[in-house]
Amino acid sequence: MHEKSSHKARPLLIAAISGRALAAAARRAGYRPLVADFFRDTDTVAIAEKAVRVPGSMQAGFEQASLIEALDELAGDEPPVAVVCGSGFERRPEIVDEIARRYPLAGNSASTIRRIKDPHLFAADCAELGIPHPEHRWERPADPESWVSKQAGAAGGGHIRRADSGEDLPGIYFQRFVAGESISALFIGDGRNASIVGFSRQWTAPTPQTPYRYGGAVRLRRFNRHEAALIESWLSGLTRRAGLVGLCSADFIRSRGSYRLVEINPRPGATLDIFDSEAAPLIEAHLQASRSAPHALPRFRDCMASIIVYADKPVERFPSFSWPEWAADHQSPGTTLSAGDPICTAFASGRSALAAQRAVRDRAREIEHRVEGART
């Protein structure tokens with residue numbers, strides 16, 4: 001567990017659905033994290049200088065008035081270095097406008113978020129820049145078995161459905177299904193160019209209701225140089241077109257050596273933990289790139305994986321036990337969980353991606369056994 005930050009460190013405001021990873025990254029970079037999120041879980045409280053729980057939902061994001069009030073409370077009389085926004089704003093970019101009126105913003109503006117998360121504008125930008133991108137449409141296709149439905153601006157994979165499921169959620173659009181391997185590029189934009197931090201392979205944790213729910217990711221130690229250069233050129237084109245700054249991620253489907261860009265997440269995302277480095281902290285790079293200033297990127301000698309451990313059945317009262325050091329985002333004792341709720345995030349490293357992925361799956365099973373054993 002991280003020690004509390006020195007009071008000499010400068011405060012950094014963090015707003016996200018879950019702020020733990022950003023708080024840990026801020027601590028590694030030498031800042032005092034002040035966190036507003038939906039959970040205020042135990043390890044966020046331990047890492048942050050202050051943490052406030054704010055109302056909202058995974059579907060709708062934040063309630064603007066409550067979030068602004070929480071940020072003002074956290075900031076107090078000491079001006080923060082900046083506000084870093086994580087997940088929860090893609091469907092409510094107007095909140096980012098309000099934050100930017102009150103505090104320095106580290107990351108993408110509301111106008112950039114609107115452009116990059118608008119399916120029509122994004123597809124048009126990809127077409128003009130020559131970036132392969134799955135076909136999309138707003139109306140239900142005649143052959144729904146070849147398509148998926150998505151909510152514009154949503155995140156995490158839980159909102160994605162097969163288009164032939166017949167379920168129409170608010171604000172959905174349809175994207176042609178592309179079979180292949182899910183590859184994500186974590187990159188930093190400076191408004192002109194994109195610099196790739198690294199690549200990860202991602203996997204799902206499907207349920208009948210959420211067939212594309214996010215499961216985890218493994219950082220790749222090796223990646224084809226020619227393919228990496230091509231992807232970086234695509235992302236630089238989008239960075240200039242949309243004005244992307246700071247940490248972002250790009251999700252691709254790789255099939256038979258070719259790539260299709262599925263979407264851009266214009267914020268620090270789920271793979272921050274497995275890419276961050278004390279030698280070259282990514283939060284510092286995020287802050288510098290947001291000002292178009294030079295920034296250092298980390299280097300990696302191994303692979304690291306993370307996995308979300310979900311409850312496979314309801315838990316009336318979550319048990320109390322000693323968490324291993326390789327787990328984060330801990331559920332609090334006494335919490336009531338529904339089937340499918342997250343229990344924690346587990347991490348593991350390995351010399352290869354396969355070794356790291358096997359190790360983290362073993363650790364996920366260990367957590368499941370611990371929870372079951374503590375309940376009996």
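Of all heavy-atom pairs spanning Gln175 and Pro134, the tightest one is CG-CB, 3.7 Å. Closest non-hydrogen pair, Thr112 versus Gly243, comes out as OG1-O, 3.6 Å. Pairing each heavy atom of Pro206 with each of Pro211, the nearest pair is CB-O, 3.3 Å.
Checked against the 6.0 Å centroid threshold, His120 and Tyr173 do not count as a close aromatic pair.
Between Cys344 atom SG and Ile367 atom CD1 the span is 4.5 Å, to the nearest 0.5 Å. In this structure, CD1 in Ile116 is found 8.5 Å from CG in Asn108, a value given to the nearest 0.5 Å. Considering CZ of Phe275 and OG of Ser200, their distance stands at 4.5 Å, rounded to 0.5 Å.
Counted by atom type alone, Glu284 and Tyr31 present one or more donor-acceptor pairs between their side chains at under 3.5 Å. Using modelled atom types and a 3.5 Å distance limit, the side chains of Ser332 and Thr335 yield no donor-acceptor pair.
Take Asp72 and apply the salt bridge (charged side-chain N to carboxylate O under 4.0 Å, His left out) test, not counting sequence neighbours, and it matches Arg102.
Remark: the backbone N or O of Ser146 is not paired with any side-chain donor or acceptor of Asp143 at under 3.5 angstrom. Put simply, the side chain of Arg162 never gets that close to the backbone of Pro144: no donor and acceptor are under 3.5 Å apart. With Arg53 contributing its side chain and Phe38 its backbone, the two residues share a donor-acceptor pair below 3.5 Å.
Using cut-offs of 30° and 60° for the angle between ring planes, the His136 and Trp138 rings count as perpendicular. Ring geometry for Tyr259 against Phe223 counts as tilted: the plane angle lies between 30° and 60°, on a 0 to 90° scale.
Salt bridge present: Arg28 and Asp276 bring a charged side-chain N and a carboxylate O closer than 4.0 Å. Between Glu372 and Lys313 a salt bridge is recorded (basic side-chain N to carboxylate O distance below 4.0 Å). We find that Arg254 and Glu181 are joined by a salt bridge, their nearest charged nitrogen and carboxylate oxygen being less than 4.0 Å apart.
The stretch residues 356-367 participates, sequence neighbours left out, in these salt bridge (Lys or Arg N to Asp or Glu O under 4.0 Å) pairs: Asp362-Arg365, Glu366-Arg370.
For the salt bridge (charged side-chain N to carboxylate O under 4.0 Å, His left out) with Glu90, the qualifying choice from Arg267, Lys117, Arg114, Lys150 is Arg267, the only one to do so.
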